[in-house]
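Step one of this worksheet: look at the structure below.
Note on naming: letters A, B, ... go to the chains in the order of the sequence lines (proteins, then strands), and numbering restarts at 1 for each one. Atom set for the values below is all heavy atoms of this structure, side chains included, hydrogens, waters and symmetry mates excluded.
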There are 2 protein chains.
Amino acid sequence: MTNDSAQALCTNAKWIGRAHCGKCHIRQLMLFSDLPENAFDHLLQPIDQFTYPPGSVIYQADTHKPFIYSIRRGMVKLAHLAQDGSNRIVRLLGPGAAVGLELLDGAENYHHTAIAITEVDLCKIPVPTIRQLEDNHPALCMHVGRQLQEQLNLADQWIVALSTGTARQRVAQLLLVLDEFFADENDAFILLSREDMAAMTGIAVETVSRMIADFKRQKLLYRHRENYYMCNVAALEQITRLD
Amino acid sequence: MTNDSAQALCTNAKWIGRAHCGKCHIRQLMLFSDLPENAFDHLLQPIDQFTYPPGSVIYQADTHKPFIYSIRRGMVKLAHLAQDGSNRIVRLLGPGAAVGLELLDGAENYHHTAIAITEVDLCKIPVPTIRQLEDNHPALCMHVGRQLQEQLNLADQWIVALSTGTARQRVAQLLLVLDEFFADENDAFILLSREDMAAMTGIAVETVSRMIADFKRQKLLYRHRENYYMCNVAALEQITRLD
DNA sequence: GTACGTCATTGAGAATTATCAATATATCAA
DNA sequence: TTGATATATTGATAATTCTCAATGACGTAC
């Protein structure tokens with residue numbers, strides 16, 4: 001349970017440019033869907049875009065910066081890192097999700113540590129800018145609510161699917177989550193590190209490795225191309241039911 | 001893991017009366033805090049109050065009724081009941097919390113089964129009434145958001161505290177949760193059934209019983225009065241850190 | 001009071017998982 | 001390419017937890 005993952009907590013964000021939310025091509029996914037284009041004409045503070053390399057820390061739990069982030073590309077994990085080195089991932093988020101929303105509800109500090117798993121593009125949105133937009137466009141409040149409800153659903157699913165049952169069942173569920181939410185157009189997904197999978201399911205790294213290796217041998221999980229895998233959904237679903 | 005809790009899923013709500021939200025004495029806790037008194041003068045549909053005896057089902061997952069509920073008194077569990085009889089509790093809620101909020105975000109059906117643990121008083125709020133109030137009082141949207149954020153925090157804590165670590169640690173964490181959120185003015189709380197505790201922590205009923213019995217023997221947990229218990233917070237916190 | 005039902009506790013053995021250690025594989029820099 | 005490093009896999013054993021079974025405690029109906 002106590003993993004000594006001495007992953008250096010470094011941030012290596014690279015500025016991509018000013019965001020043009022009115023013209024954002026994935027806006028329907030994002031926090032600002034169906035705000036009018038001109039809503040972004042006179043922002044108090046601009047919204048910038050950044051790229052983060054894999055492993056970089058977007059923000060740390062119990063620290064404060066006045067920004068929330070909207071994920072444009074890539075995969076972000078929200079983790080709880082205890083002082084004893086133990087590490088529990090509570091959520092895995094992808095394009096369209098917003099992180100750091102707790103700041104909008106009066107939280108002083110971030111509740112988790114957010115880390116890029118893959119290369120990630122984010123919009124960095126100042127909290128005062130959100131407030132300004134909320135004042136002028138009450139609909140935004142609903143979108144924030146929708147984000148929260150969505151994340152609540154994910155958290156509940158995390159409890160039911162990834163934190164319940166035998167190790168085999170949990171790892172199978174995790175693969176199904178990756179397949180459902182993070183697969184590309186070929187239905188292939190990046191297989192996470194065993195350490196991350198262990199932190200998601202609350203089981204030991206070696207146990208995860210055994211389950212994954214076993215699934216590979218049984219051809220329930222197979223390589224599609226470099227770093228990308230596909231899985232036999234029906235067979236894994238069977239396992240989640242009957243170990 | 002698979003518990004054959006053949007608890008009859010019966011509802012026995014008793015009507016208490018029409019709610020007078022403008023004069024609700026715990027309104028600051030509730031969904032409608034700081035809406036003006038007259039906001040409730042011309043509701044499309046009334047808000048009624050009900051009492052539920054322990055064990056009664058408030059609503060069932062995957063069913064639909066156009067109501068959300070605000071808890072005035074008592075303790076409610078949100079559970080996921082799988083067809084194979086397994087039962088995982090994802091949240092424990094008390095006065096001031098609202099349940100069924102997923103309906104406000106377009107969900108067709110409830111996401112959990114909500115069951116009264118103690119005797120419970122609820123306000124039954126029709127969804128159209130919420131919509132009406134939201135239209136007239138945009139601030140309500142923020143309150144819903146706050147409820148969601150609050151429940152998201154609880155869900156995350158559930159993952160980190162109650163679904164991580166050894167059985168001993170999890171049961172200790174559960175007692176700390178009961179002490180923190182559900183203790184009365186004497187700092188005493190109702191000790192849940194072993195079955196509920198097992199469903200909250202994802203461990204077997206017998207294992208929970210062993211841990212609880214052990215805590216009692218060590219005087220970390222002791223009876224205050226009929227059905228109410230107190231715990232040694234410092235000692236239990238110690239256990240959560242070092243097993 | 002006794003019989004019954006429900007729930008909590010305890011015991012013992014089986015099964016699962018964690019831990020520690022070794023080996024294999026992949027990755028990366030030179 | 002070759003090392004050097006990190007990550008994944010596997011093995012063996014210890015520890016934990018689950019499961020099944022028995023017993024105890026408590027309340028309720030009769």
Side-chain angles (χ1 to χ4, degrees), chain A residues 1-8 53-55 84-88 117-118 162-172 174-175 190-218 221-223 225-229 239 242-243, chain B residues 1-8 54-55 84-88 117 162-172 174-175 190-218 221-223 225-229 239 242-243:
Chain A
M1 195 56 52
T2 301
N3 284 315
D4 50 352
S5 63
Q7 187 174 40
D84 65 352
S86 75
N87 165 10
R88 191 75 155 89
I117 291 190
T118 61
L162 300 187
S163 307
T164 305
T166 64
R168 174 177 303 275
Q169 288 174 317
R170 295 185 193 193
V171 174
L174 175 52
L175 293 175
I190 294 173
L191 199 56
L192 304 177
S193 74
R194 303 300 170 271
E195 187 180 333
D196 277 345
M197 294 200 228
M200 291 185 206
T201 52
I203 60 189
V205 174
E206 294 91 333
T207 304
V208 172
S209 181
R210 277 180 239 274
M211 300 306 155
I212 290 290
D214 199 40
F215 289 156
K216 284 180 183 171
R217 277 188 289 267
Q218 293 182 53
L221 177 67
Y222 43 92
R223 227 175 86 121
R225 63 184 192 278
E226 176 61 32
N227 232 339
Y228 281 80
Y229 281 76
I239 287 173
L242 318 158
D243 198 9
Chain B
M1 195 57 50
T2 301
N3 284 315
D4 51 352
S5 63
Q7 186 172 42
D84 64 353
S86 75
N87 166 9
R88 191 74 155 92
I117 291 190
L162 299 186
S163 306
T164 306
T166 65
R168 172 176 304 275
Q169 288 174 316
R170 295 185 194 194
V171 174
L174 175 51
L175 293 175
I190 294 173
L191 200 56
L192 304 177
S193 75
R194 303 301 170 269
E195 188 180 333
D196 277 346
M197 294 200 228
M200 291 186 207
T201 52
I203 60 190
V205 174
E206 294 90 335
T207 304
V208 172
S209 181
R210 277 179 241 273
M211 299 305 154
I212 290 290
D214 199 40
F215 289 156
K216 284 181 184 170
R217 277 188 289 267
Q218 292 183 54
L221 177 67
Y222 43 93
R223 228 176 86 120
R225 62 184 192 279
E226 176 61 33
N227 232 340
Y228 281 79
Y229 282 76
I239 287 173
L242 321 157
D243 197 10

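Look at A/Lys216 and you'll find a side-chain N or O under 4.0 angstrom from OP1 or OP2 of D/dT9. Proximity of A/Arg194 to the phosphate of D/dT10: no side-chain N or O atom is located under 4.0 Å from OP1 or OP2. Residue B/Thr207 places at least one side-chain N or O under 4.0 Å from the OP1 or OP2 atom of D/dC18. When the side-chain nitrogen and oxygen atoms of A/Arg210 are compared with OP1 and OP2 of C/dT19, none of them lie within a distance under 4.0 Å.
By the 4.5 Å heavy-atom criterion applied to side chains, A/Met200 and A/Leu192 are counted as neighbours. Put simply, the side chain of B/Val171 reaches to within 4.5 Å of the side chain of B/Ile203, judged on heavy atoms. Residues B/Asp214 and B/Arg217 meet the side-chain proximity criterion, which asks for heavy atoms closer than 4.5 Å.
Atom CD1 in A/Ile117 sits roughly 14 Å away from atom P in D/dT7 (whole-Å rounding). In this structure, CG of B/Asp214 is placed 15 Å from C1' of C/dA8, rounded to the nearest angstrom. Separating the CD1 atom of A/Ile203 from the P atom of D/dT9 is a distance of 13 Å, rounded to the nearest angstrom. The interatomic distance linking B/Gln169 (CD) with C/dA18 (C1') rounds to 13 Å, in whole Å. The CG-P distance, from B/Leu192 to C/dA8, rounds to 10 Å in whole Å. Between A/Arg168 atom CZ and C/dT17 atom C1' the separation is 13 Å, expressed in whole Å. Between the CE atom of B/Met197 and the P atom of C/dA8 there is a distance of 8 Å, rounded to whole Å. Distance A/Leu191 CG to D/dT7 P: 15 Å, rounded to the nearest Å.
At a cut-off of 3.5 angstrom, the base of D/dC20 holds at least one donor-acceptor pair with the side chain of B/Glu206.
Set against C/dA18, C/dA8, D/dT9, the side chain of B/Ser209 has C/dA8 as its closest nucleotide. In this structure, the nucleotide among D/dT17, C/dT17, C/dA18 sitting nearest to the side chain of A/Thr166 is C/dT17. Of the candidates C/dT9, C/dA18, D/dT17, C/dT9 carries the atom nearest the B/Arg217 side chain, counting heavy atoms from C-beta on.
Comparing A/Asn227 and A/Val208 by the nucleotide of DNA chain C whose heavy atom lies nearest to each, the residue mapping closer to the 5' end is A/Val208.
Contact detail for B/Ala198 and B/Ala204: the closest heavy-atom pair is CB-C, 4.0 Å.
A donor-acceptor contact closer than 3.5 angstrom is absent between the side chains of A/Arg170 and A/Thr207.
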